[in-house]
Q: 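Before we start, here is the structure in question, set down as structure tokens.
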Number of protein chains: 2
Amino acid sequence: MDHVEFILDQWRRERPDLDVTAMGVVGRVGRLSLAYLKPMEKTFARFGLNAAKFDVLATLRRAGAPHCLSAGALMKATMVASGTMTNRIDRLEVDGLVSRTTNPEDSRSFLIALTPEGRALIDQVVEAHVATQADLIEGLSAEEVAQLSALLAKALNALESS
Amino acid sequence: MDHVEFILDQWRRERPDLDVTAMGVVGRVGRLSLAYLKPMEKTFARFGLNAAKFDVLATLRRAGAPHCLSAGALMKATMVASGTMTNRIDRLEVDGLVSRTTNPEDSRSFLIALTPEGRALIDQVVEAHVATQADLIEGLSAEEVAQLSALLAKALNALESS
DNA sequence: CCTATATATCTTGACGTCGAAGTAATGCGA
DNA sequence: TCGCATTACTTCGACGTCAAGATATATAGG
């Protein structure tokens with residue numbers, strides 16, 4: 001019995017009038033998400049990064065050459081507030097991992113690009129990251145992984161269309 | 001195609017040498033967890049609470065009468081750092097929702113209990129919370145919910161035993 | 001009994017995040 | 001063309017969280 005089941009049992013005992021089915025899903029998603037964070041943060045730390053920095057570098061890298069996006073595009077892609085993105089870019093700029101230049105097409109906008117150092121680093125980090133993630137799902141069969149992915153995708157789609 | 005699939009496709013294009021299967025699961029868990037947070041926070045806010053406060057009140061309530069646990073037990077049950085728990089208790093004490101008394105069995109320890117006001121409030125909040133969670137999984141059939149719960153539980157158990 | 005180690009919880013400084021506000025530039029409609 | 005609304009990003013204050021450190025108490029072993 002996992003800990004979430006223990007919690008659900010407590011609620012069933014204390015408030016038998018409540019249907020805690022959804023709490024099982026929501027609780028386990030939250031708990032699993034939390035459980036995944038620590039090992040990933042540990043991997044980032046090996047390269048002098050954290051999740052916040054990795055998020056930006058990875059977004060630029062997967063965007064493909066010239067690995068360059070506006071601050072606003074980065075903010076939307078990573079789903080954080082604008083102040084958060086400014087903070088992230090500031091720190092990566094100080095680290096020499098990204099450059100910030102004015103956008104010739106819009107004077108309000110900045111273009112954020114990977115520096116050669118940033119590019120080299122993220123290419124290393126993402127390999128370690130992917131290996132860490134593979135470890136995290138090791139206890140599931142390939143079929144279970146596919147099922148879980150599909151169900152999670154369905155849950156996400158249902159949320160995003162409501 | 002959900003956004004995570006878009007990200008996976010980007011990585012497949014940019015780094016075809018990497019197996020991004022796990023990233024699908026981990027990415028969707030994270031994203032779903034994030035997507036669940038906002039609606040729940042909104043519900044808590046209707047009662048003047050946030051997730052941090054709700055967490056403590058709910059833990060005390062589901063523990064059953066006398067709705068009383070040590071700070072350390074609360075910290076372990078909610079998986080936060082000790083400073084975090086102190087901060088949460090401080091604020092709830094100010095709000096008059098919990099009381100803090102010394103533990104007669106151990107002078108280092110404090111007992112945190114729901115006040116009558118806290119008890120009344122959490123009983124209301126948990127009803128709204130459960131309803132909000134039900135809304136969040138509405139796009140899934142009962143069978144899908146059961147499957148998802150089982151797979152998430154398996155993923156959690158695998159992590160916790162490694 | 002005494003001493004060393006472990007434990008309970010608070011304090012503290014640092015950090016990342018949020019939403020609101022501010023400033024400058026762009027887009028749209030009259 | 002001009003004025004207003006919208007947009008892009010930075011700044012700022014508040015907040016919750018973390019890990020490390022501090023202090024007092026409990027436990028274990030000699």
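Because the structure is a prediction, the values reported are computed rather than measured.
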Q: Base, sugar-phosphate, or nothing: which does A:Ser109 touch, judged by heavy atoms less than 4.0 Å apart?
A: sugar-phosphate
Q: Does a side-chain N or O of B:Ser107 approach OP1 or OP2 of C:dA8 to a distance below 4.0 Å, or not?
A: no
Q: What's A:Asn87 touching, base or sugar-phosphate or nothing? Going by heavy atoms closer than 4.0 Å.
A: base
Q: Using only side-chain N and O atoms of A:Arg88, determine if any of them is under 4.0 Å from OP1 or OP2 of C:dC15.
A: no
Q: Establish, with yes or no, whether the OP1 or OP2 oxygen of D:dC18 is under 4.0 angstrom from a side-chain nitrogen or oxygen of B:Thr84.
A: yes
Q: So what does A:Gly83 touch, heavy atoms closer than 4.0 Å: a base, only the sugar-phosphate, or nothing?
A: base
Q: Using a cut-off of 4.0 Å on non-hydrogen atoms, how would the nucleic acid contact of B:Asp90 be classed: base, sugar-phosphate, or nothing?
A: nothing
Q: Which of these nucleotides, D:dC18, D:dA24, D:dC9, is closest to any side-chain atom of A:Ala71?
A: D:dC9
Q: OP1, OP2 of C:dG16 versus side-chain N and O of A:Arg91: anything below 4.0 Å?
A: yes
Q: Does D:dT10 have OP1 or OP2 sitting under 4.0 Å from an N or O in the side chain of A:Thr86?
A: yes
Q: Under 4.0 Å between a side-chain nitrogen and a carboxylate oxygen: does that hold for B:Asp2 and B:Arg31?
A: no
Q: Name each donor-acceptor pair under 3.5 Å that joins a side chain in residues 148-156 of chain A to protein atoms two or more places apart or in another chain, with its distance.
A:
residue, atom, partner, partner atom, Å
A:Ser149, OG, A:Val145, O, 3.3
A:Lys154, NZ, B:Glu144, OE1, 3.4
A:Lys154, NZ, B:Glu144, OE2, 2.9

Q: Counting only side-chain heavy atoms from C-beta out, which of C:dT7, C:dG19, D:dT6 sits nearest to B:Arg108?
A: C:dT7
Q: Among residues at least two apart in sequence or on other chains, which ones pass salt bridge (charged side-chain N to carboxylate O under 4.0 Å, His left out) with A:Arg12?
A: A:Glu5, A:Asp9
Q: So what does B:Asn50 hit on the nucleic acid, given a heavy-atom distance under 4.0 Å: a base, only sugar-phosphate, or nothing?
A: sugar-phosphate
Q: Between A:Ala52 and A:Ser82, which has a closest nucleotide on DNA chain C that is more 5'?
A: A:Ala52
Q: Any Lys/Arg nitrogen of B:Arg119 or B:Asp123 sitting under 4.0 Å from an Asp/Glu carboxylate oxygen of the other?
A: yes
